2 protein chains.
Amino acid sequence: MVSRADGPTTGPTIHDVARSAGVSTATVSRALRGVDRVSPDTRDRVLRAALSLDYVASPTATSLATGRTGVVGVLAPFLSRWFFAHALDGVEHTLRTHGLHLLLLNVGSQPSAEPLLDEVRLRKRVDALLVVSRDLRASEVALLSALHVPVATLGVDVGPWDRVGVDDAAAGDTAMTHLLELGHRRLAYVGGDVEQDVHVATAVQRLVGVRRALRRKGVDPARVRVVVGDWTVAGGLAAGDAVLGQPCPPTAVLAASDEMAIGVLLAARRRGVRVPEELSVMGVDDHELAWTHDLTTVAQPVEALGAAAAKLLVDALAAPVGALRRERRVVTLTTSLVVRGSTGTAPA
Amino acid sequence: MVSRADGPTTGPTIHDVARSAGVSTATVSRALRGVDRVSPDTRDRVLRAALSLDYVASPTATSLATGRTGVVGVLAPFLSRWFFAHALDGVEHTLRTHGLHLLLLNVGSQPSAEPLLDEVRLRKRVDALLVVSRDLRASEVALLSALHVPVATLGVDVGPWDRVGVDDAAAGDTAMTHLLELGHRRLAYVGGDVEQDVHVATAVQRLVGVRRALRRKGVDPARVRVVVGDWTVAGGLAAGDAVLGQPCPPTAVLAASDEMAIGVLLAARRRGVRVPEELSVMGVDDHELAWTHDLTTVAQPVEALGAAAAKLLVDALAAPVGALRRERRVVTLTTSLVVRGSTGTAPA
DNA sequence: TTGAAAGCGCTACCAA
DNA sequence: TTGGTAGCGCTTTCAA
């Protein structure tokens with residue numbers, strides 16, 4: 001242990017180990033990393049010395065020498081929302097398994113132009129980047145590309161990068177099909193705000209699926225009332241209120257997220273509308289508390305999505321350096337219908 | 001732009017800037033960091049050169065030279081649970097504001113002895129450490145201490161470090177007082193599993209507060225049935241079921257968390273027990289979905305807790321190096337009663 | 001198989 | 001105020 005003038009106590013360095021083992025630092029480096037040829041005997045001596053000194057190589061020094069940091073940056077617009085928190089779990093687990101670190105950055109929900117998600121903070125700090133459910137404008141895509149590291153996206157189709165997500169159209173289709181098969185024909189869809197929204201694509205795609213289901217069943221898509229929520233319970237509540245307050249209210253409401261669906265449920269309860277006798281409500285996600293509201297939904301495998309996204313980056317980093325411009329990889333995981341008590345056959 | 005043999009394209013270095021500005025690298029370093037005296041003219045030239053080259057100092061090189069990484073490690077047992085996700089939001093925001101990065105590590109919920117939260121991964125990687133709601137055994141405390149960096153804890157009182165949290169006893173007291181003032185005398189408390197649990201202290205302290213309230217009101221603490229949940233809705237459901245199934249069931253149940261309280265609510269609903277007419281239920285936290293169940297609770301300022309914890313570390317890092325062993329700092333934020341519809345006066 | 005030494009890019013000390 | 005230069009701790013040729 002050596003004391004430095006600035007900062008905390010610094011541990012033993014590779015020189016200490018070299019001296020203690022009676023070899024050169026080059027040999028210590030090789031022995032400890034298990035690469036290159038080192039005689040079993042020498043290796044043993046080095047390992048023993050390192051162990052007894054409680055030596056750990058300095059990550060910064062290694063980074064400077066190799067050009068790799070062993071860190072993956074994760075960019076997300078919210079950290080506390082259900083989807084992100086769970087996806088993060090999967091990402092973290094996978095990265096840790098592969099010996100990588102996770103640098104977390106909240107980039108805000110607005111695809112802003114100004115601070116341009118200060119990429120400066122990322123420059124040479126991370127080996128790869130994961131963008132979680134955040135739309136990016138062209139300038140931002142360019143900025144991230146300029147980092148010259150592998151990038152992957154989760155839940156959004158933006159940039160020329162690898163990506164993972166669910167088939168949102170299929171999810172919307174599955175949900176709407178469920179409602180149609182229960183006989184509902186007076187329908188409403190609560191989507192995200194198409195104006196300024198981080199999940200534009202998601203909301204739009206789910207609606208595409210909804211329309212597809214309608215057409216397949218021979219129902220005019222125009223019959224579905226489309227209102228906007230803002231992906232929150234409060235937004236769903238407001239949307240539900242608006243829809244249920246109309247002259248000829250729908251018998252079924254599909255919300256693009258469970259949280260909004262719960263809002264619709266609350267709106268119904270406040271108005272004394274019985275669920276599912278008079279109104280069926282369903283969402284998408286299978287939020288961990290969805291079942292506490294007995295909410296029918298279309299589940300997406302969030303942790304698995306996070307894990308898959310991380311794996312994409314792990315692979316990219318493992319690839320031989322020269323392997324430039326491989327095929328773009330797109331991983332799509334499947335969603336599944338979860339029927340609970342909030343949906344039932346259409347009232348007569 | 002220079003191409004390196006291994007790895008991605010490397011940006012311009014300090015030498016490029018120095019050459020371009022016609023000064024030494026030392027001057028570039030000084031000018032760019034704004035420390036030390038540099039003539040306005042020179043500074044200007046350097047800044048201009050750096051800008052036109054799109055130069056950003058290599059964080060690894062800086063770290064190696066200064067001994068500081070600009071990174072704070074955050075250790076948490078779960079990433080997806082409500083409390084952690086929200087606390088993380090506060091932490092991230094504060095760190096970012098102060099130019100620090102957040103390295104996220106899931107250390108698992110079990111105060112395990114074996115992999116001993118592989119501190120090796122943290123050695124020399126972080127300037128400071130934040131432990132979020134995770135009990136640590138003595139060996140783990142020693143391990144983290146050996147890192148020789150400032151440490152703070154959030155939501156747990158462990159180790160000799162700075163910490164922030166709420167007054168859990170006060171929260172329990174507040175909650176129980178509310179129920180007592182509504183006239184309830186047949187009571188139950190759903191706490192965490194005292195055996196193997198990450199939040200032992202939290203559960204225990206809240207119970208301490210509960211007992212304090214009881215004594216103050218002249219009620220025998222022994223009258224309160226104490227059952228264990230596991231901090232989940234399912235656990236609360238099971239606990240609620242057990243309690244409500246007894247011969248002389250309580251008229252009010254206090255759960256140590258909102259999620260467990262929601263479970264109790266579900267148990268009541270399944271048994272046809274009306275809330276709040278026949279049974280009052282309340283929790284602690286003010287989970288973001290608590291209001292969707294009209295749950296009375298004691299709110300804790302989670303984001304603020306995270307922010308405060310991060311601030312503790314920011315301060316510690318800003319302190320002059322010699323400032324060893326200051327007073328231990330303990331920040332306690334206050335909780336507040338949030339009355340909703342799940343509690344009412346005790347039935348006759 | 002091993003060692004010497006040249007970097008990696010930046011900071012900080014000491015002179016000028 | 002500025003420049004020269006010696007590290008920071010590790011990896012990686014190139015020789016031996």
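The analysis underlying the following values was restricted to heavy atoms, covering all of them including side chains, and did not include hydrogens, waters or symmetry mates. Just so we're clear, the structure is a prediction, and the values are computed from it rather than from any experiment.
- Look at NE2 on His15(A): it is 11 Å from P on dG7(D), rounded to the nearest Å.
- The phosphate of dT11(D) (OP1 or OP2) has a side-chain N or O of Ser29(A) nearer than 4.0 angstrom.
- Rounded to an integer number of Å, the gap from CZ of Arg19(A) to C1' of dC10(D) is 15 Å.
- Residues forming a ring-ring contact (aromatic ring centres under 6.0 Å, His included) with His101(A) (at least two apart in sequence, or on another chain): none.
- One atom, CG of Leu64(B), and another, P of dC8(D), lie 9 Å apart when rounded to the nearest Å.
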Hey, what are the protein-to-nucleotides 3-6 of chain C N/O distances that come in under 3.5 Å?
unit_1	atom_1	unit_2	atom_2	d
dG3(C)	OP2	Ser24(A)	N	3.0
dG3(C)	OP2	Ser24(A)	OG	3.2
dG3(C)	OP2	Thr27(A)	OG1	2.7
dG3(C)	N7	Arg30(A)	NH2	2.8
dG3(C)	O6	Arg30(A)	NH1	3.2

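- Residues passing the side-chain contact (heavy atoms from CB on, under 4.5 Å) test with Asp157(A), sequence neighbours excluded: Arg163(A), Arg328(A).
- Partners of Thr42(B) under the side chain to side chain donor-acceptor pair (under 3.5 Å) rule, at least two apart in sequence or in another chain, are Ser39(B).
- Every residue meeting the side-chain contact (heavy atoms from CB on, under 4.5 Å) condition with Leu47(A), not counting sequence neighbours, appears here in chain and number order: Leu32(A), Arg43(A).
- Arg123(B) places its CZ atom 14 Å from the C1' atom of dG9(D), with the value rounded to the nearest Å.
- Of the candidates dT11(C), dG9(C), dC10(D), the closest approach to any side-chain atom of Arg33(B) belongs to dT11(C).
- For residues 17-32 of chain B, the salt bridge (charged side-chain N to carboxylate O under 4.0 Å, His left out) pairs, not counting sequence neighbours, are Asp16(B)-Arg19(B).
- Distances shorter than 4.0 Å separate none of the side-chain N or O atoms of Ser63(A) from OP1 or OP2 on dC8(C).
- Put simply, the side chain of Leu95(A) reaches to within 4.5 Å of the side chain of Val314(A), judged on heavy atoms.
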